[in-house]
Chemist: 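Would you mind keeping the following structure in view while I ask a few things?
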Amino acid sequence: MLNKYARAFFTRVLTPFAALLLRLGVSPDAVTLIGTAGVVAGALVFFPMGEFFWGTIVITIFVFSDLVDGNMARQAGISSRWGAFLDSTLDRVADGAIFGGFALWYAGSGDDNVLCAVAIFCLASGQVVSYTKARGESIGLPVAVNGLVERAERLVISLVAAGFAGLHKFGVPGIQVVLPIALWIVAVGSLITLVQRVVTVRRESAEADAAEAAAAGPGSGTAQ
Ligand SMILES: CCCCCCCC/C=C\CCCCCCCC(=O)OC[C@H](COP(=O)(O)O[C@@H]1[C@H](O)[C@H](OP(=O)(O)O)[C@@H](O)[C@H](O)[C@H]1O)OC(=O)CCCCCCC/C=C\CCCCCCCC
Ligand SMILES: Nc1ccn([C@@H]2O[C@H](COP(=O)(O)O)[C@@H](O)[C@H]2O)c(=O)n1
Ligand SMILES: [Mg+2]
Ligand SMILES: [Mg+2]
């Protein structure tokens, strides 16, 4: 949903910044790499210490690089398969650090095994949700579904909640409860999204196999 509706807005806002970086000689790959390094550092330095406000600020500054790198590549006319691969692969690294950071907090001073497990579930299910699309597309299917909770939703829900939860350290009482709520929402939403994508891939692969069998003629069996 955010990918569909918010992307156009952020593209407009970030285009002048992306153009400036290009004029300064910065490459899209450098933005992808530095952005990921910033997200990973923000998540793994601050979140395990329970510094959710500052962690979220650092991550938010760097996570928008994911919208800038592609924008730069398109403006410069240098979008590439390598860039697409690097972008998607490092997205997985950034997501792993964010939800890993939450898990480390709950495994340590946050002292809550259930929430640690929920954070690990968010991490794993998010990776699998992305994998379903990548693998489905790699076997020639359109995977014409995004599902309820895509990456942008996973990040916005959990980071907005982490930012607010961090206000606890500034004296706002009870606010830290928003983070567990957000993690549960992301976990359940990711599970629903996973089911939506698997069902779509199953239907699309059955249709593609049937079409291939029909084209090959009677008695030819199903293609693998
Ligand atoms: C006083 C309280 C303080 C609180 C501080 C809060 C500060 C702000 C908190 C949060 C901000 C979060 C911003 C998160 C922005 C995320 C942007 C982003 O990276 O989006 C990436 C996304 C996908 O890009 P790609 O096409 O490169 O990635 C593909 C995708 O990952 C696929 O994954 P899948 O969906 O399948 O799982 C992969 O399959 C594919 O491989 C991969 O290529 O980009 C978008 O979706 C574009 C839309 C971005 C929309 C961003 C919306 C930001 C909205 C609000 C931010 C501000 C909130 C402020 C709240 C303040 C509260 C006081
Ligand atoms: N280093 C990069 C990063 C991205 N690209 C291209 O942009 C597409 C992703 O666009 P986003 O707006 O989601 O960042 C990606 O598929 C590549 O085509 C690139 O070339 N180099
Ligand atoms: Mg990107
Ligand atoms: Mg990306």
Side-chain angles (χ1 to χ4, degrees), residues 2-3 6 10 30-69 86-132 134 147-194:
L2 280 175
N3 203 11
F10 281 101
V31 171
T32 309
L33 287 164
I34 292 168
T36 305
V39 171
V40 169
L44 294 182
V45 169
F46 290 100
F47 285 176
M49 297 193 296
E51 291 289 349
F52 292 115
F53 181 82
W54 294 115
T56 304
I57 296 294
V58 172
I59 292 169
T60 302
I61 290 168
F62 284 98
V63 84
F64 280 100
S65 66
D66 192 17
L67 296 168
V68 173
D69 54 4
L86 185 70
D87 183 309
S88 292
T89 302
L90 294 189
D91 284 352
R92 307 289 85 77
V93 173
D95 295 357
I98 291 170
F99 291 102
F102 292 137
L104 285 171
W105 161 249
Y106 287 117
S109 311
D111 194 22
D112 191 319
N113 287 343
V114 173
L115 288 175
C116 177
V118 175
I120 292 171
F121 183 86
C122 289
L123 194 168
S125 57
Q127 306 280 8
V128 178
V129 161
S130 298
Y131 178 79
T132 54
L148 186 65
V149 178
E150 291 180 85
R151 177 166 188 256
E153 283 82 6
R154 293 198 294 276
L155 292 183
V156 170
I157 293 168
S158 51
L159 290 177
V160 169
F164 276 106
L167 295 179
H168 174 63
K169 291 237 170 165
F170 296 89
V172 180
I175 191 80
Q176 62 278 34
V177 74
V178 296
L179 182 56
I181 293 171
L183 289 176
W184 276 107
I185 290 172
V186 171
V188 173
S190 298
L191 186 59
I192 293 170
T193 309
L194 181 56

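Just so you know, residue 1 is the first one in the sequence shown, and it goes up from there.
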Chemist: Hey, could you give me each pair passing side chain to side chain donor-acceptor pair (under 3.5 Å) that has a residue in residues 96-108? Not counting sequence neighbours.
Modeler: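 Residue pairs with at least one partner in residues 96-108: there are none.
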
Chemist: Supply the atom-to-atom distance I34 CD1 to D69 CG, rounded to the nearest 0.5 angstrom.
Modeler: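 With rounding to 0.5 Å, CD1 (I34) is 11.0 Å from CG (D69).
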
Chemist: So, for V178 and A165, which heavy atoms are closest and what is the spacing to 0.1 Å?
Modeler: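 Minimum heavy-atom contact is CG2-N, 3.8 Å.
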
Chemist: Could you check whether any side-chain heavy atom of R154 comes within less than 4.5 Å of a side-chain heavy atom of V129, counting everything from C-beta outward?
Modeler: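 Sidechains of V129 and R154: in contact.
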
Chemist: Could you pull out the closest heavy-atom pair between T193 and V149, with the gap in Å?
Modeler: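 In this case the closest contact between T193 and V149 is OG1-N, 2.9 Å.
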
Chemist: What's the separation between atom CZ in F52 and atom CD in Q176, rounded to the nearest 0.5 Å?
Modeler: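 It comes to 10.0 Å.
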
Chemist: Could you check F170 against I175 for side chain to side chain contact (heavy atoms under 4.5 Å, CB included), going step by step and ending with a plain yes or no?
Modeler: CA-CA 10 Å; F170 296 89; I175 191 80; over 6 Å; no

Chemist: Minimum heavy-atom separation for G163 and T56, please, with both atom names.
Modeler: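 Smallest heavy-atom distance, with atoms named: N-OG1, 3.3 Å.
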
Chemist: We want to know whether S130 and R151 form a side-chain donor-acceptor pair, criterion being a heavy-atom distance below 3.5 angstrom.
Modeler: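 No - no donor-acceptor pair under 3.5 Å links their side chains.
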
Chemist: List the residues meeting side chain to side chain contact (heavy atoms under 4.5 Å, CB included) with F121, not counting sequence neighbours, and say none if there are none.
Modeler: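 Counting only residues at least two positions away or on another chain, F121 forms a side chain to side chain contact (heavy atoms under 4.5 Å, CB included) with S125, A187, L191.
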
Chemist: Please name all residues satisfying side chain to side chain contact (heavy atoms under 4.5 Å, CB included) with I120, sequence neighbours left out, ordered by chain then number.
Modeler: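 In terms of side chain to side chain contact (heavy atoms under 4.5 Å, CB included), with neighbours along the sequence ignored, I120 is linked to A103, C116.
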
Chemist: On a heavy-atom basis, which atom in G96 and which in L123 lie closest, and how many Å separate them?
Modeler: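 Here G96 and L123 meet closest at O-CD1, 3.5 Å.
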
Chemist: Do side-chain atoms of Q127 reach the backbone of R92 as a donor and acceptor pair under 3.5 angstrom?
Modeler: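 Pair found, side chain donor or acceptor close to backbone of R92.
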
Chemist: To the nearest 0.5 Å, tell me how far L115 CG sits from W184 CH2.
Modeler: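 Answer for the CG-CH2 pair, L115 versus W184, is 7.5 Å.
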
Chemist: Write down the atom of L179, the atom of A161, and the distance for their closest heavy-atom approach.
Modeler: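 Residues L179 and A161, closest heavy atoms: CA-CB, 4.1 Å.
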
Chemist: Minimum heavy-atom separation for F102 and A119, please, with both atom names.
Modeler: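 Here F102 and A119 meet closest at CB-CB, 4.0 Å.
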
Chemist: The criterion is side chain to side chain contact (heavy atoms under 4.5 Å, CB included); which residues satisfy it with I59, sequence neighbours excluded?
Modeler: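 Testing I59 for side chain to side chain contact (heavy atoms under 4.5 Å, CB included), a comparison that skips the adjacent residues, returns V39, A43, F47, V63, I98, L159.
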
Chemist: For D87 and D66, run side chain to side chain contact (heavy atoms under 4.5 Å, CB included): C-alpha distance rounded to whole Å, both residues' side-chain angles, the deciding distance at 0.1 Å, then the answer.
Modeler: CA-CA 7 Å; D87 183 309; D66 192 17; 3.1 Å; yes

Chemist: Not counting sequence neighbours, which residues clear side chain to side chain contact (heavy atoms under 4.5 Å, CB included) with L90? List them please.
Modeler: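 For L90, the residues satisfying side chain to side chain contact (heavy atoms under 4.5 Å, CB included) (neighbours in sequence not counted) are T32, L33, T36, L86, V93.
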
Chemist: E153: what forms a salt bridge (Lys or Arg N to Asp or Glu O under 4.0 Å) with it, not counting sequence neighbours?
Modeler: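 Counting only residues at least two positions away or on another chain, E153 forms no salt bridge (Lys or Arg N to Asp or Glu O under 4.0 Å).
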
Chemist: Check the pair F99, V186 against side chain to side chain contact (heavy atoms under 4.5 Å, CB included), reporting the backbone distance first and the verdict last.
Modeler: CA-CA 11 Å; F99 291 102; V186 171; 4.2 Å; yes

Chemist: Assess the pair F64 and F10: is the distance between their ring centroids shorter than 6.0 Å?
Modeler: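 For F64 and F10, the ring centres are under 6.0 Å apart.
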
